[in-house]
Amino acid sequence: MKKIKQITLIVLFGFLISCTSNAAEVIHIKHTDGDMTMTIREVIENSKGKDIKLVFEKGNYKFLTDYAVGKYMHITNHGNGFKKVIFNFEGFNSVEIEGNGSEFIFRGQTAPFVFEGCNKINISNLTLDWDIPFSFQGDVIDVNKEEQYFDLKPYTEGFSWKLTKGQIEFPGINHFNFTALGSTLSHNKETKAVDYGAWDISLNPNYVEKLSNGNLRFYDKNMKHFPRVGTVLQSKGDKKNNRYAPAFLVRNSKNITIDNVVIHHALGMGFLFERSEDINILNSGIYIRESSDRVISIIADATHFANCKGDILIENCRLEGMYDDGTNVHGTYVEVDKVLNKNTVRVALRHDQQLGFEFAGVDDEIWFIKSPNPQRAEENKVSSVKVINDVYTELTFKNELSSDLKPGDILENKTWNPTFTMRGNTIRDHRARNIIIKTPKKIIIEDNDLSSMMSSIMLRGETFYWYESGNVEDVVIRNNRFVHCAYGGAEHAILKVSPRLGKTFDDSMLYDRNILFENNTIETFDNRIIWADRVDGLIIKNNTIKQTTTEQPQYPDAFMFDLINCNNIEITNNIYEGDCKNVLKADDVSKKTLVFKKNKGLKK
């Protein structure tokens with residue numbers, strides 16, 4: 001404790017000689033060895049006002065959880081619970097963090113940065129990592145499908161795990177272990193990308209045996225997709241526990257700029273924004289440290305935006321190695337539980353990782369979607385909000401509700417939707433999609449280098465399971481380079497438009513609209529380029545498609561352009577080099593308004 005007090009005095013001395021900039025309290029943090037958590041906590045809690053700037057002397061800083069702020073938190077798309085927070089900025093007007101090239105190294109379960117209710121946030125020149133990752137990995141040495149086992153040479157240096165009673169326990173830090181190996185994928189050992197043809201595995205072996213040579217033998221009677229010998233198998237833990245917290249959680253905040261910030265590991269997403277507005281992520285990255293033998297960076301999405309508004313820009317970033325999407329932009333559907341009176345309805349959050357999410361506030365405009373029609377219907381404005389608990393909320397509206405509103409219908413927040421631009425980024429070597437997005441406002445995806453395990457770009461609103469709203473209205477995808485996409489085992493496409501609606505909704509009605517896919521370059525081993533369902537207005541023009549031979553097609557009978565229940569589709573002036581014969585598949589509805597002409601190398 002004496003050492004902590006000494007460190008604190010050093011920092012406070014830096015504060016006493018600090019200057020004022022834009023009315024902010026500027027605090028200079030001197031580099032020192034040892035745990036910095038209490039030091040940072042005291043600096044933030046003892047700040048004089050609501051405008052603060054932390055300037056770090058360049059160095060490596062360590063953060064343990066012993067003296068972290070502890071509080072129960074609802075975090076969307078993560079596990080709710082008691083969290084340990086290192087940098088807790090709640091209720092500040094403005095926060096600025098200048099890292100000066102410093103590295104912050106964390107240990108154990110922690111939420112490094114939490115910002116709530118801030119009017120301005122600037123974070124720059126900083127790198128985050130964990131000393132020990134929350135993952136287990138090993139080289140696949142042997143596979144015996146007949147006897148249902150595979151052998152691994154486990155990684156030991158830099159990893160934490162042990163074999164106990166025939167099961168792997170990891171990471172064993174601060175008395176925490178995952179209940180199972182859980183979400184697991186095999187990786188190319190050389191490139192660290194997800195292996196060609198790999199499938200998601202939920203790994204919970206019947207028994208793990210230590211062999212005489214130190215390798216581990218995994219017996220699993222339920223395993224359907226075995227890893228390939230020579231790959232690296234990586235596990236991130238069971239679904240209930242493997243999304244502790246993002247590296248950066250920002251909510252109910254605005255005017256946010258993140259510049260030159262790199263994340264090498266995190267126990268959930270990289271950057272998560274809830275009900276926040278006007279966000280710039282610039283010149284930043286999420287990727288594996290160059291000298292590391294890890295094959296995973298962060299546990300979930302690189303960037304994630306839930307019910308945000310204003311302008312969102314992701315530019316000149318490198319996103320690699322994460323175990324979910326490069327970016328996910330969406331609103332949230334809530335389900336009508338009961339109509340209480342002519343102006344009030346009780347709604348429910350239905351996914352367990354959305355419980356406690358703030359769906360609406362006073363004066364928010366709300367869309368009503370009434371089955372069987374999945375399209376947005378009438379609008380109404382919220383006059384009061386009464387939160388019942390983490391599942392149920394009562395919303396009272398200024399105007400009377402429609403008489404045909406019923407339990408099972410869904411609501412979408414019109415007010416909290418952003419315009420979105422993603423430009424000049426590299427997204428590759430990770431699980432899932434490069435980009436999955438749902439916002440009715442302008443979407444621009446341009447000049448990116450993209451490579452994906454699943455569909456590179458997916459447009460998917462869903463009225464069940466994740467309850468992520470909604471349909472897109474104005475999308476431009478241009479001048480991108482798609483190379484080696486959809487290489488996982490499941491069937492995907494370069495661009496997949498695929499709403500996922502519940503049984504009560506009409507699955508033949510149009511959902512997404514106004515999508516332009518132009519001037520892109522595609523190099524692919526497989527057939528599927530565009531797979532579109534229930535789209536009104538899709539233009540595919542001036543794209544160059546080259547078939548590669550580095551890998552064999554996984555779905556050789558699939559069609560390059562597959563249209564289902566679509567309207568106003570134009571496929572013109574595209575160039576194809578390859579020998580795919582299955583070019584176009586369109587059902588009777590889609591054929592009525594389809595234009596297919598002037599495509600070189602493509603026969604209708």
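Only this structure's heavy atoms are used, side chains among them; waters, hydrogens and symmetry mates stay out.
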Please walk me through it: do Y244 and H78 pass side-chain contact (heavy atoms from CB on, under 4.5 Å)? CA-CA 6 Å; Y244 179 83; H78 289 73; over 6 Å; no
Heavy atoms from other residues, nucleotides or ligands near CD of E45 exceed 12 (cutoff 6.0 Å): yes
Is there a side-chain contact between P205 and Y219, using heavy atoms and a 4.5 Å cut-off? no
Below 4.0 angstrom, N of the basic side chain to O of the carboxylate: do E96 and K53 qualify? yes
Is the closest basic N to carboxylate O distance between R318 and D449 below 4.0 Å? no
Cationic N near anionic O, under 4.0 Å, D35 to K62: no
Whether the side chain of N241 engages the backbone of T179 through a donor-acceptor N/O pair (distance < 3.5 Å, no angle test) should be reported. no
Would F218 and Y149 count as a close aromatic pair, with their ring centres under 6.0 Å? no
So, are K120 and D278 salt-bridged, with charged N and O less than 4.0 Å apart? no
N417 side chain vs N307 backbone, donor-acceptor pair below 3.5 Å: no
Side-chain donor-acceptor pairs of residues 229-236 under 3.5 Å, sequence neighbours excluded:
unit_1 : atom_1 : unit_2 : atom_2 : d
T231   : OG1    : R228   : O      : 2.6
Q234   : OE1    : S135   : OG     : 3.4
Q234   : NE2    : Y323   : OH     : 3.1
S235   : OG     : T184   : OG1    : 2.8
K236   : NZ     : I299   : O      : 2.9

For the residue pair W161 and F136, categorise the inter-ring angle as parallel (less than 30°), tilted (30 to 60°) or perpendicular (more than 60°). perpendicular
Do the non-hydrogen side-chain atoms of L349 and T332 ever get within less than 4.5 Å of each other? yes
side-chain contact (heavy atoms from CB on, under 4.5 Å) between V114 and M73, worked out: CA-CA 10 Å; V114 174; M73 298 184 69; 3.9 Å; yes
Ignoring hydrogens and geometry beyond distance, is a side-chain donor-acceptor pair present between N93 and N119 at under 3.5 Å? yes
Pair F63 and F106, ring centroids less than 6.0 Å apart: yes
Run the side-chain donor-acceptor check on residues 259-272: report pairs under 3.5 Å with partners two or more places apart or on a different chain.
unit_1 : atom_1 : unit_2 : atom_2 : d
D259   : OD1    : N283   : ND2    : 2.9
N260   : ND2    : N125   : OD1    : 2.8
H264   : ND1    : Y287   : O      : 2.7
H264   : ND1    : R289   : N      : 3.4
H265   : ND1    : S297   : O      : 2.6
H265   : NE2    : F134   : N      : 3.1

Relative to the ring of Y465, is the ring of H351 parallel (under 30°), tilted (30 to 60°) or perpendicular (over 60°)? perpendicular
Is it true that E57 and K30 make a salt bridge, defined as a side-chain N closer than 4.0 Å to a carboxylate O? no
Against S452, only a single residue in V194, N434, I427, D429 fulfils side chain to side chain contact (heavy atoms under 4.5 Å, CB included); can you say which? N434
Taking the six-membered ring for Trp, are F113 and F115 parallel (under 30°), tilted (30 to 60°) or perpendicular (over 60°)? parallel
Output yes when K71 and E116 qualify as a salt bridge under the 4.0 Å nitrogen-oxygen rule, no when they do not. yes
Determine, for K254 against E277, whether the closest basic-nitrogen to carboxylate-oxygen distance falls under 4.0 angstrom. no
Quickly, which of L126, I29, I40, I105 forms a side chain to side chain contact (heavy atoms under 4.5 Å, CB included) with Y61? Name it, please. I29
Pairing of D364 and R275 as salt bridge, 4.0 angstrom limit: yes
